[in-house]
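Bear in mind the structure is a predicted one, so any value in this text is a computation, not a measurement.
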Amino acid sequence: MAGEGAATGAELYVGHGTVWVNGDNGYIAMQVSGLEVLPGAGLTDSGINYDLLFYWARNKYSLAPENYRTDDGFRAQRRWEGHGTDQEVYFLHGGLHIFDTGKYIKKHVCTDDGFTIIEQVRNNLGRGNFPLFVSEPTHEKKKQRIDHNPYLNYCYQALGNLNGILFIHGHSMDDNDKHIFDKIKSSRVAKVFVSIYGDENTDANSRTKANAIAFLQSFNRSVEFYQAETAPVWA
């Protein structure tokens, strides 16, 4: 499964149910709307819907392989530093567990006394601190939101460092995430594998394949497809 133990490397959270895996850099990308990635060694899941499944999973050290650790760039007092750290996990579109105080980017964590992240989010809302996530309807507006936040922009720039082979698992390849695909196109990724669920000839899957080729394929980058059912990322 994704997070703790799926594979070594960085994680970029781009959404609900999507995984991006980069073989050379070992990126596992996740988003808050439908996108994820894993290193060539294996696949992981991520997405673009503001759920906490991936974040919960990567904090569970008891999941196989046990005691697998990743660095999300947050340090003392749960403050994000990013620069100068060994950050490996990137939530490209933010998440419910991340918030901006106006001075710092901070995160919620599960506490020993059972104080859940959802409860912490509710309390934070009462203090006027809203979760940091990208919910704009178009890729242009999403990109503007990303450009104006240090955490989101730092994570976005990490996409440009990808190289080798990239797996995209569980993403519809819709135009509203074109800013993500544009950044990947600026990277040195040589081949992209995109998952297709079910009958590849349905209208939805035909559109996914057409978009993937249009958005990502070039003279120095190929796009291929595989059945999502063959990669049980949450098993």
Aromatic ring pairing [X]/[Y], orientation class (parallel under 30°, perpendicular over 60°, tilted between):
{"X": "F91", "Y": "H97", "result": "perpendicular"}
{"X": "Y156", "Y": "H179", "result": "parallel"}
{"X": "W80", "Y": "Y154", "result": "perpendicular"}

Is [Y] close to [X] at the side-chain level, that is, under 4.5 Å between some pair of heavy atoms?
{"X": "L166", "Y": "L216", "value": "no"}
{"X": "N220", "Y": "R188", "value": "no"}
{"X": "D182", "Y": "K143", "value": "no"}
{"X": "R145", "Y": "L132", "value": "yes"}
{"X": "T138", "Y": "N176", "value": "no"}
{"X": "N153", "Y": "P150", "value": "no"}
{"X": "Y104", "Y": "R78", "value": "no"}
{"X": "P131", "Y": "F99", "value": "no"}

**For F225, ring-ring contact (aromatic ring centres under 6.0 Å, His included) partners two or more places apart** =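 Result, ring-ring contact (aromatic ring centres under 6.0 Å, His included) vs F225: none returned.
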**Request:** Could you tell me which residues satisfy ring-ring contact (aromatic ring centres under 6.0 Å, His included) with H148, sequence neighbours excluded, listed by chain and number?
**Result:**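 ring-ring contact (aromatic ring centres under 6.0 Å, His included) list for H148, sorted by chain: empty.
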Donor-acceptor contact below 3.5 Å, side chain [X] vs main chain [Y]:
{"X": "E200", "Y": "S206", "result": "no"}
{"X": "D177", "Y": "I180", "result": "no"}
{"X": "E140", "Y": "K142", "result": "no"}
{"X": "S195", "Y": "G170", "result": "yes"}
{"X": "D175", "Y": "H139", "result": "no"}

**Verdict with supporting geometry, E119 and T116, side chain to side chain donor-acceptor pair (under 3.5 Å)** = CA-CA 5 Å; E119 290 172 321; T116 69; 3.2 Å; yes
**Asked** Could you go step by step and tell me if L96 and I117 meet the side-chain contact (heavy atoms from CB on, under 4.5 Å) rule?
**Response** CA-CA 8 Å; L96 283 178; I117 290 178; 5.7 Å; no
**Item:** From NZ (K178) to NZ (K185), nearest 0.5 Å
**Value:**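 Going from NZ on K178 over to NZ on K185, the span is 6.5 Å.
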**Asked** What's the verdict on side-chain contact (heavy atoms from CB on, under 4.5 Å) for Q157 and K183, showing C-alpha distance, side-chain angles and the deciding distance?
**Response** CA-CA 8 Å; Q157 297 306 321; K183 195 63 175 177; 2.9 Å; yes
**Asked** Taking only residues two or more places apart in sequence or in another chain, which ones pass side chain to side chain donor-acceptor pair (under 3.5 Å) with K106?
**Response**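 For K106, no residue satisfies side chain to side chain donor-acceptor pair (under 3.5 Å) once neighbours in sequence are set aside.
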**Message:** Suppose we screen for side chain to side chain donor-acceptor pair (under 3.5 Å). Which residues come up paired with N123, at least two apart in sequence or across chains?
**Reply:**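 N123: no side chain to side chain donor-acceptor pair (under 3.5 Å) contacts found.
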**Prompt:** Is there a side-chain contact (heavy atoms from CB on, under 4.5 Å) between I168 and F193 once you walk through the steps?
**Reply:** CA-CA 6 Å; I168 300 179; F193 289 92; over 6 Å; no
**Request:** Mind jotting down which residue pairs meet the ring pair (Phe, Tyr, Trp, His ring centres under 6.0 Å) criterion with at least one end in residues 197-222? Sequence neighbours excluded, please.
**Result:**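 Sorted result for residues 197-222: F181-F215.
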**Prompt:** Do other residues, nucleotides or ligands put more than 12 heavy atoms under 6.0 Å from D203 CG?
**Reply:**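 12 or below, so no.
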**Asked** Which residues pass the salt bridge (charged side-chain N to carboxylate O under 4.0 Å, His left out) test with K191, sequence neighbours left out?
**Response**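 Checked K191 against salt bridge (charged side-chain N to carboxylate O under 4.0 Å, His left out); matches are E224.
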